[in-house]
Amino acid sequence: MTEHTTCVVVGGGPAGMVLGLLLARAGVEVTVLEKHGDFLRDFRGDTVHPSTLRLLDELGLGERFAALPQSRVEEMAFPVEGGSTLVLADFRLLKTPHPYIAMVPQWDLLNLLADAGRAEPHFHLRMDTEVTGLIRESGRVTGVRYRTADGETGELRSELVVGCDGRWSVVRAGARLRPREFPVPIDVWWLRLPRHADDEATAFVPGMRKGHFAAVIPREDYFQIAYLAPKGLDPRLRAEGIDRFRERIVAALPRFADRVGTLRSMDDVKHLDVRLNLLRRWHVEGALCIGDAAHAMSPIGGVGINLAVQDAVATARLLAGPLRRGRVTSGDLAKVNRRRRLPTVLVQTIQRAMHRGVVRPVIEGRRNGPPKAVVAILDRIPGARFIPAYAIGVGFLPERAPAFARRTPISRPALERR
């Protein structure tokens, strides 16, 4: 079966859903293909940064987002000698409507975007539809081949295919685009621990002790923990078993010794193979990659989602016109690459410096905190906390919603009446 649309968006993550919604509001016929049947996957990036919160306001979705269960993080801090903490980034210093990072299960955000998309006549979302390859004709990508959960196969022809399908992108592979890989010293092990009623936390505060590094992300009713270990330890850590892994967590985070027993087996711990890479060229004729498909990010700073959403906004603004006219050229696609490459490179440069200067010395047992020079600067110049807060919370070239996508606030009852 062969069908037609104007733009195929592969992947229903934050970048794909934002791009689909914005293009639909521009009057572009857009179809988002998501291989899973729902958005319920644990330990995805759940940080929604100040610039994304502002974008949701501009799209008329701010009130609905505010009604979702969430917690707020107002600062990022490091432990220092003596048991105290040093604030690295204070988001309250930002001159923005939402000076904090909202911690919201990603499935709630994606469901919100999907509901908003369904209210647009040009938006189509197909769940349980996995893209298996690209269609090429005369040197140009002209659509995708797909397979549904019940085994049905088909072709969806389009003027443009946008890969928003993550670090193992089918679109990127099919377009024969190869990223440059940067060395990464760590992998991340995700887990959750109970949050007690008297646990107050409005900051990211990692534990850095004796070769162990664990970041604590406060959620509404639990703590999400990221344990950072040297890359390549996956088989060894699993072989050690859950008792030894609990000891690792307590070594980094002694205050959680009373609750690590809730980890019953290594099945409660999810391994993330951390990658940091960047496509030299984000496109071929008829296809474009954005977000993690174009640049896998380290979890340091939690900026991957924010960067991917900014990619999506820029893509919609730059390509809505050509898509409405029915012809997208290689030059049009190159504009997205030029627009978004510099902020991506800047963020990745900072992440690589953090790997070298903070993460590696800690996991190798050479230091139990940030470099002394950083501590001295932040102690003497409190205003310096604005710089990392801006880099993490807003970003280098934040994108604003294009005029065609802006709306007044939309409540859920109003959506349901449509």
Side-chain angles (χ1 to χ4, degrees), residues 14 42-57 62 65-80 84-109 112 188 190-208 213-228 252-253 255-256 272 297-310 347 350-351 354 358-359 369-370 374 378 382 384-395 398:
D42 208 355
F43 301 122
R44 300 178 70 163
D46 296 335
T47 56
V48 184
H49 291 231
S51 54
T52 303
L53 293 168
R54 183 181 61 189
L55 173 69
L56 291 171
D57 286 343
F65 180 85
L68 297 176
Q70 59 188 270
S71 58
R72 297 181 178 184
V73 173
E74 297 175 339
E75 60 186 32
M76 297 185 72
F78 278 133
V80 293
S84 62
T85 59
L86 176 72
V87 175
L88 170 67
D90 188 344
F91 302 111
R92 291 164 294 197
L93 298 175
L94 299 176
K95 305 301 182 184
T96 180
H98 305 282
Y100 55 86
I101 292 176
M103 303 301 303
V104 176
Q106 192 176 113
W107 55 80
D108 284 341
L109 172 63
L112 183 156
V188 173
W190 289 106
L191 58 130
R192 62 172 65 185
L193 294 176
R195 182 170 177 175
H196 299 160
D198 57 349
D199 286 328
E200 292 294 334
T202 59
F204 290 105
V205 183
M208 303 178 181
F213 191 139
V216 180
I217 303 172
R219 304 295 295 270
E220 187 178 33
D221 54 0
Y222 64 92
F223 288 106
Q224 187 168 327
I225 310 296
Y227 180 78
L228 281 60
L253 303 167
R255 66 186 183 278
F256 289 143
L272 172 66
M297 309 299 292
S298 165
I300 299 298
V303 296
I305 292 177
N306 197 47
L307 205 62
V309 168
Q310 302 300 312
V347 171
I350 293 172
Q351 289 187 327
M354 292 288 287
V358 178
V359 177
V374 173
L378 294 174
R385 295 167 181 148
F386 171 83
I387 298 172
Y390 188 89
I392 294 168
V394 178

Do you know which two heavy atoms are closest between [X] and [Y], and how far apart they sit?
X: P206; Y: F213; answer: CB-CE2, 3.7 Å
X: Q310; Y: S51; answer: NE2-OG, 3.6 Å
X: V188; Y: A226; answer: CG1-CB, 3.7 Å
X: G393; Y: F91; answer: N-CE2, 4.0 Å

Within this structure, what is the [atom1]-[atom2] distance for the pair [X] and [Y], rounded to the nearest 0.5 Å?
X: E75; Y: L86; atom1: CD; atom2: CG; answer: 10.0 Å
X: Q70; Y: M103; atom1: CD; atom2: CE; answer: 10.5 Å
X: S71; Y: R195; atom1: OG; atom2: CZ; answer: 6.0 Å
X: L68; Y: L112; atom1: CG; atom2: CG; answer: 5.5 Å
X: L109; Y: D46; atom1: CG; atom2: CG; answer: 9.0 Å
X: H98; Y: L56; atom1: NE2; atom2: CG; answer: 8.0 Å

**Request:** Return yes if some donor-acceptor pair links the side-chain N/O of R54 with the main-chain N/O of T96 below 3.5 Å, else return no.
**Result:**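 Between the backbone of T96 and the side chain of R54 there is no qualifying donor-acceptor contact (under 3.5 Å).
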
**Message:** Could you check whether any side-chain N or O of Q351 sits under 3.5 Å from a backbone N or O of I300, counting only pairs where one atom can act as donor and the other as acceptor?
**Reply:** yes

**Message:** Given H49, which partner from the list L307, V303, V394, V309 fulfils the side chain to side chain contact (heavy atoms under 4.5 Å, CB included) test?
**Reply:**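 Going through the options one by one, the only one that passes is V303.
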
Min side-chain heavy-atom separation [X]-[Y] under 4.5 Å:
X: L253; Y: Y227; value: no
X: P69; Y: V104; value: no
X: I225; Y: V216; value: yes
X: P97; Y: L53; value: no
X: V73; Y: Y100; value: no

**Message:** Less than 3.5 Å apart, any donor N or O on the side chain of N306 or T47 sitting next to an acceptor on the other?
**Reply:**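 No, T47 and N306 have no side-chain donor paired with an acceptor closer than 3.5 Å.
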
**Prompt:** Can you list the steps and then say if F386 with D90 is a side-chain contact (heavy atoms from CB on, under 4.5 Å)?
**Reply:** CA-CA 6 Å; F386 171 83; D90 188 344; over 6 Å; no

